[in-house]
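In what follows, chains carry the letters A, B, and so on, assigned in the order in which the sequence lines appear, proteins first and then strands, with residues in each chain numbered from 1.
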Amino acid sequence: MSDHLPSDPLDSQLARTLREEYRRAITEAKKELDNAPLVVRHGAVRSGYRVPLGALVGLSILVIVIPLLGRSLLSPTGGLGTAASLGTTAAPPRNPNASLPLGAPTSIDGHAVVSSFAAIDVLANSSDDSSIYVIGWLLPSSVHSCPVVRGSTTWNPCFALHLFPEPTVGLWALSIFGAPSARDIPIAPDGFATPLVLMVHTHDPSCVDASCIHLAVVEMAAWGGRPEAISNESASSAPPSGLMQVDAVAAAIAAAPNGVVRSLSLVSAKAGTYGLVGPGGSDVDSDRWVWAVLLTGQFRAPDCGADGNTACVSGPGEELVVLDYGTGEFLLGVRSTP
Amino acid sequence: MRHVRLDQSNVVRSDAHPLVGYDDVVALAPDLLAAARYLLKDDAEARDLVQTTLEIGIRKIDQLRDPSRLRPWLFAIETREAFRLRRRLTRYLAARPSVGTLASSDHHEDTFVVRDAVSRLPVRMQGAVVLHHLVGLTVSETAAAMGITQNTAMK
């Protein structure tokens, strides 16, 4: 049987016209998607991990990302523009070592094994590409969702692994980026988390600017323990009905007043009372629970139209987006440029 | 235990298809969106359809037996999801006829005419026309995507 329909000249002409129109439609679609990328959940997202979001359905984005960009919301000296750190957390684990698996090594080849939480400072203070051993729990669906990005880059947070301090989908995880030389990383079956010691390094040769110099790049899995069933209990002390971090980040990106045009990175996403995590000088109640999401990237210039023209792209900058913890309601955005 | 590998472009790829990754799937987004606009009248629904298609595609990439068939495989997913969505929308559209209007202000006029014409076809015929004549799938691929026989697809 022929795989193409028989046609007379008139049909052929019509078919050509249709194809031409379709090519035009593809071009149009490509242009639109370049300006307004779709959002695609990436990885095995299980319904049990989702928080009902109502108005945010369809906007759910990104990943739990923890790039180090020279500022910390976890640092004791805290706040934007202060000490370097790697973390993003709603509430750090009460006891970072509480959920280390039995039999986990405390050192490998003479190097101490640090928890994913403790690794924040170790990575931030690293000065070369020496190997660092980090222990944590890798969940099969720890990459939750991701925007359709234009091309892939080594530092694309969409493809990072996320090492959790406990065998649960908590609000905090350490992002581990990939490397060409990385060996296979074991992933547990759905419903289970794998305890792993990952050998990582910073100062990766493929990092060409300061934004990625302290990011953890995986070399190999140095140790793997027995997978455990994923718990739904989180160590967070945050109110139980709030947005998960991934959804807060999604909402923040969607709510960024002028939109991120390119080079999006998440510096941090922290939940807490506004007085702790929010910027000063606003009338938001200091006791109100909020998500403070700090993004970097190139944003659309304030006086620019929506056509994505290159001239409309401002220089690199940061935007702190503050959302209501429970509803994701946009409260305020603060733009700054280096 | 499953394994993933982080390759040079840092894309998580499955062992089953080392040649097909996330980028390969999302690269077809414009193609899928163009077709979605012929399958569904509402532009927002079309974007949602592509989003859903890409999500399913990425999640089920291991089920793709022949990596060279990625495009027809994704269009098969999209078509099935479109039909499913249309069935759901039918009841809604009956109550909210305005939902079905085509967002055409920034579209080429001829494209609008073609879309309008295609949208007036019966649903199944519409799918076959879009997949075969617009997307360029073969008859067998079109039939497979729609879950019908080749003979039916050719009618």
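One distance of note links CZ of B:R37 with CD of A:E32; it measures 4.0 Å at 0.5 Å rounding. For the atom pair CD of A:E20 and CG of B:L134, the computed distance is 12.0 Å after rounding to the nearest 0.5 Å. Note: B:L33 CG to A:E28 CD = 8.5 Å, rounded to the nearest 0.5 Å.
Between B:V130 and A:Y22, every side-chain heavy-atom pair lies at or beyond the 4.5 Å cut-off.
With a 6.0 Å radius and a threshold of 12 heavy atoms from other residues, nucleotides or ligands, A:R19 has its CZ atom above the threshold.
Here the closest non-hydrogen pair linking A:A29 and B:P30 is CB-O, 3.5 Å.
Both the backbone and the side chain of B:A35 come within contact range of chain A, with heavy atoms under 4.5 Å apart.
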